[in-house]
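What follows is a set of notes on a single structure, which appears directly below.
Here is the naming used below: chain letters follow the sequence lines, and residue numbers restart at 1 for every chain.
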Amino acid sequence: MPGRRRSGKRRAVSRNILRTVLFLPALSAYLARMSAHDDTTAAIPLSQRAMAGQGAPYLDDLNPAQRLAVETLDGPVLMLAGAGTGKTKALTARIAHLMTTGRARPNEILAVTFTNKAAREMRDRIGRSMGQTVEGMPWLGTFHAICVKLLRRHAELIGLKSNFTILDTDDQLRLMKQLILAENIDEKRWPPRMLAGIIDNWKNRAWTPASVPAAEAGAFNNRGTELYDYYQQRLKTLNAVDFGDLLLHMVTIFQTQPDVLAQYQRWFKYILVDEYQDTNVAQYLWLRLLAQGHRNICCVGDDDQSIYGWRGAEVGNILRFEKDFPGAHVVRLEQNYRSTPHILAAASGVIDANQGRLGKTLWTAEQEGEKVRLIGHWDGDEEARWIGDEIEALQKGTRGLDPLGLDGMAILVRASHQMRAFEDRFLTIGLPYRVIGGPRFYERMEIRDAMAYFRLAVSPDDDLAFERIVNTPKRGLGDKAQQAIQRAARDNGTTLVDGARILLADKGLGGKGGAELRVLVDAIGRWNDAVRRGGNHIELAETILEESGYTAHWQNDKTPEAPGRLENLKELVKALESFENLQGFLEHVALIMDNAGEAEGEKVSVMTLHAAKGLEFPAVFLPGWEDGLFPSQRSMDESGLKGLEEERRLAYVGITRAETLATISFAANRRVYGQWQSSLPSRFIDELPADHVEVLTPPGLYGGGYGAAGMAASASPAIMAVQASDLHDKASRADVYNSPGWKRLQARSSARGMSQPRESRHMVIDADAVSSFTTDDRVFHTKFGYGTVTAVEGDKLEVAFEKAGTKKVVGKFLVAAEQAGDVPF
DNA sequence: TGCGGTGAATTTTTT
DNA sequence: ATTCACCGCA
């Protein structure tokens, strides 16, 4: 317990907190563990070796920069750690160092991460570097996990009970929807999702309903702050918080209760923060408040890898560090242990284009290696086909590289819809793959439903849980019945379950629905008793799923997903084994939304660039480098230069995931939302330093068989002028090579004496002949044939093709119809 | 209440 | 193209 053995004013504070806390059974168990930590900690023999400053095993294999980062213990430290520079190693060594030198006991160190995975890894590695299992480090965890711990102690300060529930996104949305309905707001124009997004945003910036700036209050039809206030009130009534509240409430408490803050400021002698570039304002304030005690805060991060601006992360936090913490030591980790020089040079070349960086230059002691490979394709399917072939080739071992396992290869895409082409292709050629990301275990419908039943069993006053499952499985309790229950509850000032009981007692609901509701309500009562009695919680969980009819519901379901869902439910019950009771399980799960067990076996990984942060692979494929897709048009539209720079950092993250081989590719045409779209190569491709890039020629160019690539192509004299044979194919490709991106590439390659793509000699339609078009112009496209321009948006044109329908096409791919030999009408 | 048809939207994701 | 929410009808 922080401050427990300290004297003076603080002691009174602590007693106060103790008193509050001891009345809560769940927390007294926790307290017992905490004091155990205190004892264990005191009992840990401090390493004499390390005290003498020599021979500490965790210091031995650090490079000078890392060592500096580990040994600069006093005052604020910013550890700027580039990709692959041994950041986690330095961080964990620092913690080990703090403990072995006796600077702090494990429970006086606050170490914060963003993900549970990172927290777990850090815990493991600290244990390893100390050569023993360290008991304690109760304050190593995610921002959210640590805030839950703190908030349970001090909940009463903001009008919550210590056993508050943490809502998931589903519950949150359901609440928002109720609010919007209750306020007679048009759901269509102002969807609950939007309100949720706005409120989330405000919470990320640590704004309470009262402190939302006037300039922002215009949100949601001028009723944003009002609804935010209602929402917060509703949460309080439900004794619930959402994820954003965990931080927000703690910041509020720290700001309004100086004695509470002071207690933790004194307790946390050392603070460490991982991925500091991802912190939002609320997290930043929280940290700054806590760090004002001992001022020993060490933030680790990389401004070049800040890719979560869209969810509230403020790169500014890391850029401002030296101002925020005067006298800060800045340590740069720049020696990279992951990638070849070419890969690092390519990544540096791209990120150089960003403004306002703190500036780092990665270097490596390695000498040799492959250049970054770059290849353009006709369309997304060909790109997927080519990458599939490459993966098989790498497996066998090509280009003088040792054979690579599939686990060593990854495809990193900008948007998840890009994954489909790869999944399709890999399924047809029988290449094992694994998609990382996607819906997590605890986010799946069946898991949430089951959890709602468990929540009701533990606390029958959980109205949101009741709402979720009252008619799942179907019990004939539709809108009308549910409204009746709500009314009964409201009129009697009770929970929904009790409201249902009253309704039934008053014979307010008859028929099949009434009977079913009776069964449900009675069952909930029995489960509550069972929970109160204690007993085997696993059996109880099974009983609940059985009696509720939930298992049967999926057994009777004949959709292809049903067996998988039953499987997941079994998993869920199995997961209960590592907990003492349902309460403990529910508490845990609210914060650990991890993916259940990674599938094993040699597989290629497919994931988004965001999901790839922190990972590394010998071979990395980066497909879809086309303007509009990557950088994402939406990102640029919404956030302008800031958005573009974040996209560029994403490119940097992508390239730096590769150890030995990075392959970037783009496609001239791609189906997006069922429509063909053609695009230009990504502007990031221009930023790749030519010296470190090898431009590959697609194999299809030398006579690959692509059947009906063009539609009306053969009718065009312009195409006829290309070469006689392999008409469609070459015409299509001519377009690819006519794009500005390719021209730039060719210019660069030929300047260095590299061979040009063969087709460039056959170019008939040169760039000068391709002018811009306006609405109603007749145009020709080699794949889609003749059409009429219907709209112009920047360099993209919407064209109504006669045979291929309406498409969006880049103007550069179009030829004036007359020029292509079209006879109007 | 429940099914099937129609229309609109569609980046990135942790806790 | 595909999903998802909503509406109208049985």
Side-chain angles (χ1 to χ4, degrees), chain A residues 112-119 141-148 151 166-169 172-173 177 187-189 191-194 197 200 203-204 241-248 274-275 278-280 282-283 306-313 380 412-421 424 436-440 442-443 445 471-482 511-513 516 588-595 607-614 624 628-639 643 646-647 649-651 653-654 670-677 805:
Chain A
V112 212
T113 64
F114 273 87
T115 64
N116 292 299
K117 194 177 158 204
T142 62
F143 276 101
H144 297 265
I146 289 170
C147 281
V148 169
L151 195 55
I166 302 164
L167 300 190
D168 61 29
T169 337
Q172 234 182 99
L173 270 174
K177 194 167 176 175
E187 233 187 307
K188 289 268 168 52
R189 279 201 51 192
R193 286 201 76 87
M194 187 191 276
D200 218 50
K203 289 187 176 179
N204 283 340
V241 300
D242 61 23
F243 283 116
D245 282 338
L246 294 173
L247 261 299
L248 179 66
D274 193 17
E275 306 279 17
D278 289 339
T279 49
N280 61 33
Q283 288 157 340
S306 164
I307 55 174
Y308 285 110
W310 50 273
R311 66 175 196 211
L412 313 183
V413 297
R414 176 61 183 85
S416 42
H417 64 73
Q418 288 172 262
M419 293 181 183
R420 242 200 97 158
D424 285 351
I436 311 251
R440 272 146 306 210
Y442 289 108
E443 276 173 6
M445 187 209 314
N471 201 29
T472 312
K474 297 277 183 283
R475 295 191 171 90
L477 298 165
D479 258 1
K480 227 179 67 193
Q482 291 187 37
K512 186 168 165 285
E516 292 257 30
H588 205 66
V589 157
L591 290 171
I592 312 272
M593 302 287 267
D594 265 354
N595 257 333
M607 67 188 95
T608 63
L609 287 160
H610 285 91
K613 194 166 85 157
L629 179 59
F630 187 44
S632 138
Q633 192 58 52
R634 187 151 167 186
S635 200
M636 295 187 292
D637 288 348
E638 283 173 10
S639 315
E646 183 154 311
E647 295 286 307
R649 291 192 289 268
L650 213 38
V653 167
R670 197 178 286 281
R671 272 183 106 110
V672 183
Y673 303 136
Q675 276 216 333
W676 279 100
Q677 263 194 247

Let me know the distance between CZ of F143(A) and P of dT13(B), rounded to the nearest Å.
-> 20 Å
Pairs: protein N or O with nucleotides 2-7 of chain C N or O, under 3.5 Å:
{"residue": "dT2(C)", "atom": "OP1", "partner": "R420(A)", "partner atom": "NH1", "Å": "3.3"}
{"residue": "dT2(C)", "atom": "OP1", "partner": "R420(A)", "partner atom": "NH2", "Å": "3.4"}

Just jot down the side chain to side chain contact (heavy atoms under 4.5 Å, CB included) partners of T472(A), sequence neighbours excluded, or say none.
-> D449(A), Y550(A)
For D637(A) and dT10(B), give me the distance from atom CG to atom P, rounded to whole Å.
-> 13 Å
Who pairs with V672(A) by side chain to side chain contact (heavy atoms under 4.5 Å, CB included), at least two apart in sequence or on another chain?
-> R670(A), Q677(A)
Reckon F114(A) touches a base, only the sugar-phosphate, or nothing at all at heavy-atom distances under 4.0 Å?
-> sugar-phosphate
Between the side-chain atoms of R414(A) and the base atoms of dT12(B), is any donor-acceptor pair under 3.5 Å?
-> yes
Please work out if T142(A) contacts a base, only the sugar-phosphate, or nothing of the nucleic acid, heavy-atom cut-off 4.0 Å.
-> sugar-phosphate
Residue pair V653(A) / I307(A), side-chain heavy-atom distance below 4.5 Å = yes
Grab the OH-P distance between Y308(A) and dT12(B) for me, whole Å please.
-> 12 Å
Give I146(A) one of three labels, base, sugar-phosphate or nothing, depending on what nucleic acid heavy atoms sit under 4.0 Å from its own.
-> nothing
List every contact pair, protein side and nucleotides 3-9 of chain B side both N or O, where the distance is under 3.5 Å.
none

Phosphate OP1/OP2 of dT12(B): any S635(A) side-chain N/O under 4.0 Å = no
From CD of E443(A) across to P of dT13(B) the rounded distance in Å is 11 Å
Mapping L609(A) and R475(A) to their closest nucleotides on DNA chain B, which lands nearer the 5' end?
-> R475(A)
Quick one: which of dA1(C), dT15(B), dT12(B) gets closest to the side chain of N116(A)?
-> dT15(B)
For Q283(A), enumerate each residue passing the side chain to side chain contact (heavy atoms under 4.5 Å, CB included) test, keeping only those at least two apart in sequence or located in another chain.
-> F114(A), F143(A), H144(A), L247(A), T279(A), N280(A)
Ion pair check, D200(A) and R193(A), cut-off under 4.0 Å = no
Tell me, please, which residues at least two apart from S635(A) pass side chain to side chain donor-acceptor pair (under 3.5 Å).
-> E647(A)
Rounded interatomic separation in angstrom, taking CG from D168(A) and C1' from dT13(B) = 15 Å
Quickly work out the I436(A) CD1 to dT12(B) C1' distance and round it to whole Å.
-> 16 Å
Could you please name the option among dT13(B), dT15(B), dT10(B) that lies closest to any side-chain atom of T608(A)?
-> dT13(B)
Rounded to the nearest 0.5 Å, how far does CE of M636(A) lie from CD of E646(A)?
-> 13.0 Å
Across the strands shown, which category fits E638(A) at heavy-atom distances under 4.0 angstrom: base, sugar-phosphate, nothing?
-> base
Give a yes/no verdict on base stacking between dT12(B) and W310(A): centres under 5.5 Å, planes within less than 30° of parallel.
-> yes
Out of dT15(B), dG2(B), dT12(B), minimum distance to the side chain of S416(A) belongs to dT12(B)
Assign each of H144(A) and S632(A) the nucleotide of DNA chain B bearing its closest heavy atom; nearer the 5' end lies the nucleotide of S632(A)
Atom CE of M194(A) to atom C1' of dT10(B): distance rounded to whole Å?
-> 15 Å
How are the rings of Y308(A) and H610(A) set relative to one another: parallel (under 30°), tilted (30 to 60°) or perpendicular (over 60°)?
-> tilted
Should E516(A) and K474(A) count as an ion pair when the cut-off is N to O under 4.0 Å?
-> no
Determine whether L246(A) and V241(A) make a side-chain contact, defined as any pair of heavy atoms from C-beta on separated by less than 4.5 Å.
-> yes
Atom-pair distance (CD on E275(A); C1' on dT15(B)), nearest Å = 15 Å
